[in-house]
Number of protein chains: 2
Amino acid sequence: MKKYLKILKKCPLFANIEDEDLLRMLKCLDAKIGSFDKKYTVFAEGSPAKYIGVVLSGSVQVIQVDYYGNRSILSVMGEGEVFAEAFACAELREIPVSVIADEPSDIMFIDSSHILHTCHNNCGFHQQLIFNLMKDLAVKTIMFHQRIEITSKRTTREKLLAYLAMQARRAGSNSFDIDFDRQELADYLEVERSGLSAEISKLRREGILENHKNHFELL
Amino acid sequence: MKKYLKILKKCPLFANIEDEDLLRMLKCLDAKIGSFDKKYTVFAEGSPAKYIGVVLSGSVQVIQVDYYGNRSILSVMGEGEVFAEAFACAELREIPVSVIADEPSDIMFIDSSHILHTCHNNCGFHQQLIFNLMKDLAVKTIMFHQRIEITSKRTTREKLLAYLAMQARRAGSNSFDIDFDRQELADYLEVERSGLSAEISKLRREGILENHKNHFELL
DNA sequence: TGAAGTATGTTGAATTTTCAACAAAAAGGA
DNA sequence: TCCTTTTTGTTGAAAATTCAACATACTTCA
């Protein structure tokens, strides 16, 4: 667990908790670590909403797959980020999404009941954890607002440009890499992969952007 | 304030707080009440993310309007429900949405800093409030998951049927009323109003549903 | 009640997306 | 390196959406 201390310190769930306290607390919370190869399932849709996940290394995708097999990528969580916390905190029985490893990843699992209900050791961190969880969930809510702002556009072109503009803002530069391959970007933007490829080519021909693989530059 | 006690008790923000404590606490939080006529703006996009809103009567819509004037309805909050809490909790400077009264509404405003930072009176409810806020935000996150599940469908028909199926589930019956007029439903589903009307007519002709105004029945 | 304003339904043309199929390019493994 | 697999780009036809315009129904309020 010690080797992940640097990541854990960046994790919003553990903000304002001292190093020495952190490891002790994780023991108290009975945190477990698991490793997942790329594409492997961390949580399957319908499994109990019992554990909160923390990405220690790698990254995971939170996805929904509907009746017809259409897949939506809801979010991508990277190192130090938390996932599946909303289902545990809202006390859903089952999680309504799947979580898969986007690359080889180490994941820490915390039984949510250890956070939500005061532990018998009465260690003093629950209040801080709850507060951190609240902030984390507020940030997640805003993340969904941003996603909806992008996907509510009506055309592939507008969705793509809105997405790229947001990535450029995040990167602080008009030149940046994106995390998605083409199919994944289509699943995030909720458009057709082939139409997305075509639109990228069109924007390039029009001189609006340049790109090579996953690197983009807005002109 | 007393006249709203019944509503406030239903409000998730005040769960597990005794009646007698509630009014005292609201005074401590310096809660204010405002009234808004239908269509009036409760919060304008870009205004400071300082206040948390609680619907005492009526209902509000949380909306985004993009550069081209396209309007998305993100959520509708009715009596006892909380809004704009995510922006305050995440400590955004400005709120990225607008909130408008959907009907004549009374709204309670609470300065978020009074909740997030321990008050000098050191009244004992902050921990419970933070916990309630966390739960509320978890539920909101799940609400967005559901919205995305609906709007990620590719056709007007699929979006509409997914929406109606969810409303039927919520109502516990195949016969139910919806809160939206046609334009609002289109803004929620992110489709064209005229196309939506056409699709409703088509589903009716196909014998898949019956409807009169805002009453629907799935057959 | 009547008039004005708003909401809903309908339609056809233009635009866009989806779908399927395939070619080309890139990545991975033996 | 060569072969296989995966990813990406391209294309045309079919399907669906958007847009604009208008008719009708419904509301509101004087």
Side-chain angles (χ1 to χ4, degrees), chain A residues 37-39 61 66-73 100 102-104 150-164 177-206 208-216, chain B residues 37-39 61 66-73 100 102-104 150-164 177-206 208-216:
Chain A
D37 284 338
K38 183 168 179 171
K39 307 251 173 175
Q61 294 181 344
D66 76 5
Y67 182 77
Y68 303 101
N70 297 313
R71 165 203 198 86
S72 294
I73 295 181
I100 58 172
D102 195 21
E103 48 191 318
I150 291 171
T151 58
S152 68
K153 302 264 183 293
R154 298 303 166 78
T155 64
T156 300
R157 185 190 187 91
E158 283 181 355
K159 289 183 187 184
L160 175 59
L161 287 173
Y163 171 78
L164 293 175
D177 292 321
I178 67 172
D179 294 332
F180 292 131
D181 64 29
R182 292 291 181 276
Q183 182 63 59
E184 289 170 336
L185 182 54
D187 290 343
Y188 181 81
L189 299 180
E190 289 160 6
V191 298
E192 194 59 25
R193 180 199 60 80
S194 66
L196 175 61
S197 274
E199 200 61 51
I200 291 172
S201 300
K202 198 166 158 215
L203 287 167
R204 198 172 38 220
R205 280 197 302 277
E206 293 176 16
I208 294 174
L209 58 76
E210 282 179 6
N211 83 303
H212 179 66
K213 301 214 198 165
N214 291 357
H215 184 81
F216 285 79
Chain B
D37 283 338
K38 185 170 179 170
K39 307 250 172 174
Q61 293 181 344
D66 76 7
Y67 182 77
Y68 303 101
N70 297 314
R71 163 204 199 84
S72 294
I73 297 181
I100 59 171
D102 194 21
E103 48 190 319
I150 291 171
T151 59
S152 68
K153 302 263 183 293
R154 299 302 165 79
T155 64
T156 300
R157 185 190 186 89
E158 283 181 356
K159 289 182 187 183
L160 174 60
L161 286 174
Y163 172 79
L164 292 175
D177 292 322
I178 67 172
D179 295 331
F180 293 131
D181 64 30
R182 292 291 182 275
Q183 183 62 60
E184 291 171 335
L185 182 54
D187 290 344
Y188 181 82
L189 299 180
E190 289 159 8
V191 299
E192 192 59 24
R193 180 199 61 78
S194 65
L196 174 62
S197 273
E199 199 63 50
I200 291 172
S201 300
K202 198 166 157 215
L203 286 167
R204 197 172 39 219
R205 278 198 302 277
E206 293 176 13
I208 294 172
L209 57 76
E210 282 180 6
N211 84 303
H212 179 68
K213 303 217 199 160
N214 292 357
H215 184 82
F216 285 79

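Proteins come first, then strands; the chains are lettered A, B, ... in the order of their sequence lines, and each starts at number 1.
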Whole Å only: how far is the NZ atom of A/Lys38 from the P atom of C/dG29? 10 Å

Is there a side-chain contact between B/Phe216 and B/Ile200, using heavy atoms and a 4.5 Å cut-off? yes

In whole angstrom, what separates B/Arg154's CZ from C/dT18's P? 5 Å

Here the distance between atom C1' of C/dA26 and atom NE2 of A/His212, to the nearest Å, is 10 Å

Heavy atoms, side chains only, cut-off 4.5 Å: are A/Lys159 and A/Glu199 in contact? no

Going 5' to 3' on DNA chain D, which nucleotide is the first and which the last to come under 4.0 Å of a heavy atom in chain B? D/dA16 to D/dT27

In whole Å, what is the span from the NZ atom of A/Lys213 to the C1' atom of C/dA27? 8 Å

Report yes if the side chains of A/Lys202 and A/Thr156 come closer than 4.5 Å at any heavy-atom pair, otherwise no. no

Applying the side chain to side chain contact (heavy atoms under 4.5 Å, CB included) criterion to B/Ile150, which one of B/Leu161, B/Leu160, B/Leu189 satisfies it? B/Leu189

Residues of residues 192-205 of chain A with a heavy atom under 4.0 Å from any atom of DNA chain D, listed by number, are A/Arg193, A/Ser194, A/Ser197, A/Ser201

Taking atom C1' of C/dA27 as reference, at what distance in whole Å does atom CG of A/Asp181 sit? 13 Å

Can you confirm whether A/Arg154 sits close enough to B/Glu192 that some side-chain heavy atom of one is under 4.5 Å from a side-chain heavy atom of the other? yes

For residues B/Thr151 and B/Tyr188, report the shortest heavy-atom separation together with the two atoms involved. CG2-O, 3.5 Å

Starting at CG of B/Asp187 and ending at P of C/dT8, how long is that distance when rounded to a whole Å? 11 Å

What's the CG-P distance between B/Asn70 and C/dT16, to the nearest Å? 14 Å

Calculate the interatomic distance between B/Glu158 atom CD and C/dT18 atom P; express it in whole Å. 11 Å

Kindly give the heavy-atom pair with the smallest separation between A/Glu184 and A/Asp102, and that separation in Å. OE2-OD1, 3.5 Å

Check whether any side-chain heavy atom of B/Asn70 sits under 4.5 Å from a side-chain heavy atom of A/Lys153, and report yes or no. no

Quick check against the 3.5 Å criterion: does A/Arg182 have a side-chain atom that pairs as donor or acceptor with the backbone of A/Lys213? yes

